[in-house]
Amino acid sequence: MEITTRLQLPAHLKPRPTDEASLRFGDIYSDHMFLMDYFAGQWRNPRIEPFGPLTLSPAAMVLHYSQTIFEGLKCYRHPNGRLALFRPKDNFKRLNVSAARMSIPPLDEAFLLTALKELLKIDGRWTPRHPEASLYIRPFVIATEPHLGVRPSQEYLFMIITGPVGPYYKEGFAPIKIYVESHYTRSAPGGLGGVKAGASYASSLLATEKAAQKGFTQLLWLDSVHHRYVEEVGSMNMFFVLDGKIATSPLSSGTILPGLTRASVLTVAERLGLPFEERLLAIDELIEAQKSGRLTEAFGSGTAAVISPVGLLNYQEKDYVVADGKVGRITQTLYDELVGVQYGHKPDPYGWVELLD
Ligand code: COI
């Protein structure tokens, strides 16, 4: 399919942020967006247009039944000025897994990557130079058919928008405080937790807001059957260092998002010879380990969150400090390697970096 392009008028191009050190997450958008429609059984009309509002029927199915999925990836500026994507094919593969779960027709993954590269030929200059900033890329699909019966939509819109971002948490690469949620749950077996469906994020809002009111940056979700096993944070997967070994929850229950940063952390750990395991982690086990000094580090991983050290867990209204509230040694090692590869300060023996022309 040929991509048609309508460029923004030069006089309407937006000023790019000058103070990249104070960029936050998700407030600023580049000049253009990619769009593609689905109707009459086919994806069609791929196009790049100036970033701007959509026209949508008030009966569009996404507005009523939340049939929507998304991805998140980043473009980094390397020291020599070249732009690089990190594992983009894996993001588009996961988008199709989400599509299948949400009854959305599959998309051509190779074409999506071509489309993204076309968009970045125009807007790649929005990629920041600051060492901790990047260009966040948000591909997503919404159900657009005007119809109020509950069934899969027969019309969709796929889009990619981008924008320069700084750290996801205001703390940056500094330990955050996490509230362990023992009442609300994020995902049940057989549900949506293993895919990137907007609905999962909507259902997380109330509990996250309540935790924020108590002073916590994020929530750690427990499993919905026993309210006991650690799942994920919502904006990131969780890792703990227990008895010197990195541990993270397995994906087998289908209730945890298979994070690409999570997978990358495990591969990096293996390559650096750091012991690790995927196993069920009960919150009472973690609390006991904290009390006896065997829980030495905790951190989260995500595209937006990168690697975020966790300095405190609050469970049943009690605080449990981890790594003296500082960044642990293993957390720092994994951060340095991953971020080094992403930003081109370190070689990429993993084959994850895709340089742009
Ligand atoms: C990401 O890390 O890109 C995510 O999708 C998490 C989020 C900001 C919801």
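Computed over heavy atoms, backbone and side chain alike; hydrogens, waters and symmetry mates excluded. Order of appearance sets the numbers: ligands from 1, and atoms from 1 within every ligand.
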| task | Output the list of atoms in ligand 1 that are nearer than 4.0 Å to some heavy atom of Tyr168, sorted by atom number. | result | 8 (C)
| query | Under a 4.0 Å N-O cut-off, is there an ion pair linking Arg47 with Asp37? | reply | yes
| message | Counting only nitrogen or oxygen atoms and a 3.5 angstrom limit, does Ala304 reach ligand 1? | response | yes
| Side-chain donor-acceptor contact under 3.5 Å, Thr255 with Glu231 | yes
| Looking at ligand 1, does any of its N/O atoms fall within less than 3.5 Å of an N/O of Ser235? | no
| message | Give me the residue, atom name and distance of the protein heavy atom closest to atom 9 (C) of ligand 1. | response | Tyr201 CE2, 3.6 Å
| message | Quick one about Tyr315 and Glu181 (side-chain donor to acceptor, distance below 3.5 Å, no hydrogens or angles considered), yes or no? | response | no
| field | Cationic tip of Lys14 above Phe51 ring, under 6.0 Å, 45° of axis | value | yes
| Nearest protein heavy-atom contact for atom 4 (C) of ligand 1: which residue, which atom, what distance? | Lys196 NZ, 3.5 Å
| query | Any idea which atoms of ligand 1 are less than 4.0 Å away from a heavy-atom of Tyr136? | reply | 1 (C), 3 (O), 4 (C), 5 (O)
| message | Check for me, please, whether Ile161 and Phe34 land in the same ILVMFWY cluster - side-chain distances under 4.5 Å, paths through other members count. | response | no
| query | Numbering the atoms of ligand 1 from 1, which are under 4.0 Å from a heavy atom of Phe70? | reply | 5 (O)
| query | How about Leu157 and Val62: do any of their side-chain heavy atoms sit closer than 4.5 Å? | reply | no
| field | Distance filter under 4.0 Å to Gly72 heavy atoms, resulting ligand 1 atoms | value | 3 (O)
